[in-house]
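Take a look at the structure below.
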Amino acid sequence: AGSKDVKESMVAAATRAAEFYFQQLKLENKQSRDVLKYLSNRGITQDIIKKFTIGLAPKNYTELYDELKKDFSDDILEKTGLIIKSKDNKYIDRFRNRLIIPIQNEMGEYVAFGARAIEEDQSPKYLNSSDSLIYNKGKLLYGLYTAKDAIKSEDSVVLMEGYFDVISAQAN
């Protein structure tokens with residue numbers, strides 16, 4: 001497969017993962033309630049959750065993998081940064097038990113994820129996708145896709161550091 005095909009498969013896998021995490025937040029369970037409460041305390045409404053496709057990675061070790069391996073090869077899922085090999089050489093979900101912030105490129109394609117710990121003692125607090133064929137952390141500006149039109153009409157831009165700063169600023 002050419003690198004164009006690989007990139008397209010990676011974007012497709014990242015998109016499916018974003019949708020999967022987004023759906024997990026809609027499930028009625030303690031984990032989703034805790035995350036929704038956290039978001040609500042930060043002033044993040046259902047509309048904002050939808051606009052940014054904010055989601056939830058379940059605690060289970062292979063929930064995303066079990067869902068995506070039906071349609072994507074291990075190689076693609078690993079390259080996209082969605083799965084990693086465990087100590088016993090089995091694939092497991094990279095993001096587990098975390099609030100998920102999908103990262104879109106300037107065309108709106110899902111290419112990476114930021115993941116925040118849900119529980120107090122979880123470490124690290126933030127876990128981010130590594131650079132890949134479709135994601136370069138140094139070149140991609142989070143929130144640019146959703147802010148593009150406003151930047152054009154205002155002819156100005158405000159740069160911020162954290163995901164939630166960006167999300168909250170765009171929510172107003």
Side-chain angles (χ1 to χ4, degrees), residues 10-74 76-105 108-130 132 134-135 137 140 142-143 145-146 160-172:
M10 289 171 69
V11 168
T15 303
R16 283 279 299 285
E19 289 162 359
F20 172 85
Y21 294 137
F22 181 68
Q23 292 306 323
Q24 292 297 310
L25 195 52
K26 293 183 173 170
L27 300 178
E28 272 298 310
N29 58 38
K30 184 186 182 317
Q31 199 189 19
S32 63
R33 280 193 294 275
D34 289 350
V35 171
L36 287 168
K37 188 176 169 202
Y38 170 83
L39 290 168
S40 151
N41 289 343
R42 295 204 65 159
I44 294 170
T45 63
Q46 285 296 333
D47 285 349
I48 303 166
I49 290 171
K50 205 169 167 179
K51 178 180 179 182
F52 290 93
T53 334
I54 296 170
L56 163 66
K59 255 184 177 168
N60 253 333
Y61 271 79
T62 61
E63 206 154 328
L64 177 75
Y65 178 51
D66 292 340
E67 187 62 33
L68 265 52
K69 71 180 177 188
K70 300 168 195 164
D71 300 307
F72 299 97
S73 69
D74 291 351
I76 289 292
L77 295 175
E78 192 173 25
K79 276 189 167 96
T80 311
L82 296 169
I83 58 173
I84 52 173
K85 276 209 168 130
S86 65
K87 288 182 186 78
D88 56 4
N89 227 17
K90 289 190 172 70
Y91 281 113
I92 57 171
D93 297 349
R94 178 188 172 108
F95 304 111
R96 297 180 310 282
N97 197 27
R98 290 176 176 273
L99 187 161
I100 298 287
I101 301 147
I103 297 170
Q104 292 168 279
N105 64 19
E109 297 170 329
Y110 293 100
V111 293
F113 298 89
R116 187 192 190 284
I118 294 172
E119 292 166 19
E120 283 303 308
D121 55 358
Q122 238 178 310
S123 169
K125 188 173 175 183
Y126 281 95
L127 187 60
N128 299 302
S129 292
S130 308
S132 72
I134 57 171
Y135 174 62
K137 191 177 181 179
L140 192 146
Y142 176 73
Y145 174 70
T146 44
M160 297 172 158
E161 190 180 359
Y163 298 118
F164 285 109
D165 300 332
V166 172
I167 291 167
S168 301
Q170 290 190 24
N172 299 332

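Every heavy atom of this structure was used, including side-chain atoms; hydrogens, water molecules and symmetry mates were not. Values in this document were obtained by computation on a predicted structure and should not be read as measured data.
Ionic pairing of E120 and K125 is not present here: no N-O contact between side-chain nitrogen and carboxylate oxygen is shorter than 4.0 angstrom. A salt bridge links E28 with R33: the distance from a Lys NZ or Arg NE/NH1/NH2 to an Asp or Glu carboxylate oxygen falls below 4.0 Å.
Summarising the geometry, atom CG belonging to L68 is positioned 11.0 Å from atom CG belonging to D74; distances are rounded to the nearest 0.5 Å. With values rounded to the nearest 0.5 angstrom, M10 atom CE is found 4.0 Å from T80 atom OG1. Atoms CG and OG, from L99 and S32 in turn, are 11.5 Å apart once rounded to the nearest 0.5 Å.
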- Y91/Y61 under side chain to side chain contact (heavy atoms under 4.5 Å, CB included): CA gap, chis, key distance, verdict: CA-CA 9 Å; Y91 281 113; Y61 271 79; over 6 Å; no

- Task: Could you please spell out the steps behind the side chain to side chain contact (heavy atoms under 4.5 Å, CB included) verdict for I54 and I167?
- Result: CA-CA 10 Å; I54 296 170; I167 291 167; 4.0 Å; yes

- Task: Take S86 and D88 through the side chain to side chain donor-acceptor pair (under 3.5 Å) test and state the conclusion after the steps.
- Result: CA-CA 5 Å; S86 65; D88 56 4; 2.4 Å; yes

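Donor-acceptor pairing under 3.5 Å is lacking for the side chains of R116 and Y163.
Contact annotation: the side chain of K69 approaches that of D66 to within less than 4.5 Å [non-hydrogen atoms, C-beta and beyond]. In this structure, E119 and N97 have side chains that are in contact, with non-hydrogen atoms separated by less than 4.5 Å. Taking the side chain as every heavy atom from C-beta outward, L140 and Q104 never approach each other to under 4.5 Å. Annotation: side chain of L64 is in contact with side chain of L82 (closest heavy-atom distance under 4.5 Å).
Formation of a donor-acceptor pair under 3.5 Å by the T62 side chain with backbone atoms of Y65 is not found in this model. With hydrogens and angles ignored, the 3.5 Å screen pairs no side-chain donor or acceptor of R94 with any backbone N or O of K85. D34 places no side-chain N or O within 3.5 Å of a backbone atom of Q31 that could act as its donor or acceptor partner. No side-chain donor-acceptor contact under 3.5 Å links S168 to the backbone of D165. The backbone N or O of I118 sits less than 3.5 Å from a side-chain atom of Q122, completing a donor-acceptor pair.
No option in I84, I83, D71 other than I83 meets the side-chain contact (heavy atoms from CB on, under 4.5 Å) test with L77.
Judged as a salt bridge (Lys or Arg N to Asp or Glu O under 4.0 Å), and not counting sequence neighbours, the contacts of K70 are E67. Under the side-chain hydrogen bond (donor to acceptor under 3.5 Å, both in side chains) criterion, K51 pairs with no residue, sequence neighbours left out.
The shortest non-hydrogen separation linking R98 to P124 is NH2-O, 2.7 Å. Of all heavy-atom pairs between D93 and N60, the closest is OD2-O, 4.0 Å. Of all heavy-atom pairs between A18 and Y110, the closest is CB-CD2, 3.8 Å. When all heavy atoms of M160 and A169 are compared, the closest pair comes out as CE-CB, 3.6 Å. The minimum heavy-atom distance linking S130 with Y135 is given by the pair O-CD2, 3.5 Å. Across every non-hydrogen atom of F113 and P102, the tightest pair is CD2-CA, 3.7 Å.
No more than 12 heavy-atom neighbours from other residues, nucleotides or ligands sit within 6.0 angstrom of OH on Y145. K137 NZ: 12 or fewer foreign heavy atoms inside a 6.0 Å radius. Crowding of Y126 atom OH: a count of heavy atoms from other residues, nucleotides or ligands under 6.0 Å exceeding 12.
For the pair R42 and F164, the cation sits on the ring face: its NZ or CZ lies under 6.0 Å from the ring centre, inside 45° of the axis.
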Pairs of donor and acceptor atoms involving the side chains of residues 19-27, under 3.5 Å and at least two apart or interchain, shall be tabulated with distances.
none

